[in-house]
Every structure is written in C-alpha cells, then in structure tokens.
Protein chains: 2
Amino acid sequence: MVDNPSARKLVEVALDEFAARGFHATTTRDVSTKSGLSPAAMYVYYSSKEELLFQIALIGHSAARDRLDDALANVDPSEGSATRLEVILREFIFWHAEHPTLARVCEYELQHLSAEHVAQIEQIRHDIQTTVVGEVQRGVESGEFDVPDVRFATMALTALAIDIVRWYTPGAGITPTELADNLAVLGLKMVAA
Amino acid sequence: MVDNPSARKLVEVALDEFAARGFHATTTRDVSTKSGLSPAAMYVYYSSKEELLFQIALIGHSAARDRLDDALANVDPSEGSATRLEVILREFIFWHAEHPTLARVCEYELQHLSAEHVAQIEQIRHDIQTTVVGEVQRGVESGEFDVPDVRFATMALTALAIDIVRWYTPGAGITPTELADNLAVLGLKMVAA
DNA sequence: GTCTATAGATGGATAGAC
DNA sequence: GTCTATCCATCTATAGAC
C-alpha cells in the first residue's frame, strides 16, 4: 500500500483522525506528532493535507472495487442472480464494517478533495456502481428480481451498507460477518420477485 | 421557529453553510457576512458557533419527531401494521428529502456538539427510534412482518432514509414525494412476511 | 442591536540547518 | 529524511463606541 514506514504511519494516523474528527478539524500538526514526527515531516511525503486525504480515498476505493471484483470472479457464473447479488452485498457490507474508519472517510470526506481529485475518485465509484447495477439488471431480466427501477434499487441496496459507517464500530455488539450476513438477507428481500 | 429576523437569517445561512462545507470548514465570519451582518453580530444571538449548530440540530430533530408523531396520529389505529409502517417510512423519507440541508446537518454534524448538547439531541433521536421500533414490533406480533431482529430491521429501514442526505438535492431528477413513495415500498418488502 | 477594531490563538506550509 | 524555527494567513470571540 505505502512502503515507506513514515509515509505509512502518516496515512494510518491521518485516517484515524479524519474518521474521528473530520478532515477540516484535523490538524497536520496532530497527524505528524501522533506519527512520531515533526510538523514539517509530513511535507516530505505529501504535498498538502488534501493530498493525504486523496491518497487515503484512493487506497480505500481501490480496495473496495478490487474486493468486489475478486468476490464476483470466484462465483460460478452459472449461479443465479440471487446468489451473485448476495455475494456482492455481503462483500460490500463486510468491507464497510471491517474497515469502518477507511470507509467513513471514503463516504463522508470526499467534499474536501480538489475538483481534479474528486473526478478520479468518482471514476472508481462509477465502476463499483456499474458492477452492482449489472447484477441487479441481470436478476430482473431472469425474473428472479422485481424492481420498478434498477438504478433506484441499487441506490437503496448500497445505502444499507454505506449508512453503517455513520454508527458502526467493531465493538458495537455485532461482528462484521454477522452484520454482512443479516443485512444481505434484508437487501435480497428488497429486490426479490 | 426563530422570531427575530437577524437570528433567523443567521440560522438559515449557517444551515446552508454547515450542510455544504461542514461545521468546521464554516467560518462565523462567513455566516455573519452572508446574513448581512458584521462578524460580531452573531454573538448577540448565539454564544458560540457550537450553540448555532445546537439550535439547528434542535430545530431539525424536533421537527422530524413531530412530523412522525402527527402522521401516526392521523392514521386509523385499526389499520394494519403495513399501512402504519408505510406512513412512517414515507414521512421519514420525505422529511429527509424535503429538507436536505437540515437533515444533512442533523445526520452528519452532531459530532461537533458538546457532550451536553449531544445528550439532548440523542434523547430526541431515541424517541424517534422508539416510534419506528414500536411499529415494526407490532407488525411482527401480528404476523404481517417477519424479521429476525426488530432493532436490526429498524436500523436498515432508517438507513434507507438517512443515506439520502449524502447525495440528494431537490434538482436530482426525482421529487421528494416520488423518492418517499418508491423507497417506502422497498422498505416494506424488506420486512414483509 | 449593530458596528469597527482587535485581541489571542491556531493552523498550513516553508526555510534552512544537520 | 528529519529537525527547529517561523512566516503568514485565518479564525473565534471580545471590547467598546454609537
């Protein structure tokens, strides 16, 4: 992910701070100090605070996209849409619950990126959405699903996962796996024929 | 809501700014200037920026709670749980879509409140949650609904509404009414027996 | 109740030594 | 590559005149 130890530590600390306090409420001094470095050291690895946020957003979105793609690649293509969508939902929900700070920054702090950086992140988000939309569409065509609008249903499905990051922490009395299993079932009922 | 014209204008401007940029990225100078006042005038009506946020959170949460209660009071108690829950869901979703800036601040900016103010807001949120949980519970008891866990299902239902504020603006190609109607249907399918 | 002026503190980023 | 020192802008909040 990030090979240099200092650069990596800075990202890890910034991730925790951004998730806990928000981008604007986090100071570069705090990130550097909590990383065991001087306030100036951050600028050796990242040109600005915004660049640090961008790297985090890039790491998070790439990881989420790759996990979805990998999960789908490991499902027998002859499986029905319900199975394939369940795999996607579980993976998507699980990712948000397993990496709550990273997911939180990815879902809530993008407004603080520059226009150029936002565009790059939006491209990855578009890819992810296309993947989910494709599976819902397939299920509608096969008759397994019944929804009035595929994109609208996809929005509702992803909302189930995304809203997790507003409140979930690993010590919330339910494991990421349980959360993913139970929520995926509800999501499937939502689109079922 | 707020009777004094200047106090009201300050709240309105602050609401827009907090929703667009976040609490910490919004400056009191900006709020005052955009309200047609000097930077100092804000402190005549609000003791701090945090107090301004608290008043907004109070207005929003009280309004949401009252709308839910009113809507339920106008439903024939002999109606089935599906109808009653549909009314709640539509109202809750509609409120988030109709007041996207207010809802956004209420859902995403509470972390910037003082511990004391958070506690007051959490009380109202608790009341709202109790209302929704109650209707889901009734539907489970009557056999109209079938969910493994009432609180978990309630979390999923409210997530559908809350995640709207992350992306929705009135010019997004769908009206609040349409959004509420279509999303409430999906929510009902999620808990249906 | 609104203003101008400013205190007092903090934060992003840079300069230059080692 | 990391440091100390610091510039300079910005921000919350207050003082005191009108």
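Every chain is numbered from 1 and lettered A, B, ... according to where its sequence line falls, protein lines coming before strand lines.
We find that CD of Glu17(B) is positioned 15 Å from C1' of dC11(D), with the value rounded to whole Å. The distance between atom NE2 of His24(A) and atom P of dT10(C), rounded to the nearest whole Å, is 16 Å. The distance from atom CE of Met42(B) to atom P of dT14(D) is 9 Å, rounded to the nearest whole Å. One atom, NZ of Lys9(A), and another, P of dG1(D), lie 19 Å apart when rounded to the nearest Å. Rounded to whole angstrom, the span from the CZ atom of Arg21(B) across to the C1' atom of dC11(D) amounts to 16 Å. Atom-to-atom, CD of Glu51(B) to C1' of dA13(D) comes out at 15 Å; the value is rounded to the nearest Å.
Among the atoms of the strands shown, none is found under 4.0 Å from any heavy atom of Ser32(B). Among the atoms of the strands shown, base atoms are found under 4.0 Å from some heavy atom of Ala40(A). Among the protein residues, Thr26(B) comes within range of the sugar-phosphate backbone only, with heavy atoms under 4.0 Å from sugar or phosphate atoms but none that close to a base. At the heavy-atom level, Ser38(B) lies under 4.0 Å from base atoms of the strands shown. Using a 4.0 Å heavy-atom cutoff across all strands shown, Tyr46(B) reaches no nucleic acid atom at all.
Taking 4.0 angstrom as the limit, Thr28(A) places a side-chain polar atom (N or O) nearer than this to OP1 or OP2 of dG12(C). A close approach under 4.0 Å does not occur between any side-chain nitrogen or oxygen of Ser6(A) and OP1 or OP2 of dG1(D).
Salt bridge annotation for Asp70(B)-Arg67(B): absent, with no cationic side-chain nitrogen under 4.0 angstrom from a carboxylate oxygen. By the 4.0 Å N-to-carboxylate-O rule, Glu109(B) lies too far from Arg21(B) to be salt-bridged with it. The pair Asp3(B)-Arg8(B) fails the salt-bridge criterion, with no side-chain N (NZ, NE, NH1 or NH2) lying under 4.0 Å from an Asp/Glu carboxylate O.
Grouped with Val87(A) in one hydrophobic cluster are Val75(A), the linkage being side-chain heavy-atom contacts under 4.5 Å among Ile, Leu, Val, Met, Phe, Trp and Tyr residues.
Here dG1(C) is the nucleotide among dA13(C), dT4(C), dG1(C) with the atom lying nearest to any side-chain atom of Asn4(B). In this structure, of dT2(D), dG12(C), dC11(D), it is dT2(D) that holds the atom nearest to the side chain of Val44(A). Comparing dA13(D), dC3(C), dC11(D) against the side chain of Tyr43(B) picks out dA13(D) as the nearest. Comparing atom distances between the Tyr45(A) side chain and each of dT4(C), dT14(C), dG1(D) picks out dG1(D) as nearest. In the set dA13(D), dG12(C), dC3(C), the nucleotide with an atom closest to the side chain of Arg29(A) is dG12(C).
Leu10(B) and Leu113(B) end up in the same hydrophobic cluster when Ile, Leu, Val, Met, Phe, Trp and Tyr side chains are linked at under 4.5 Å.
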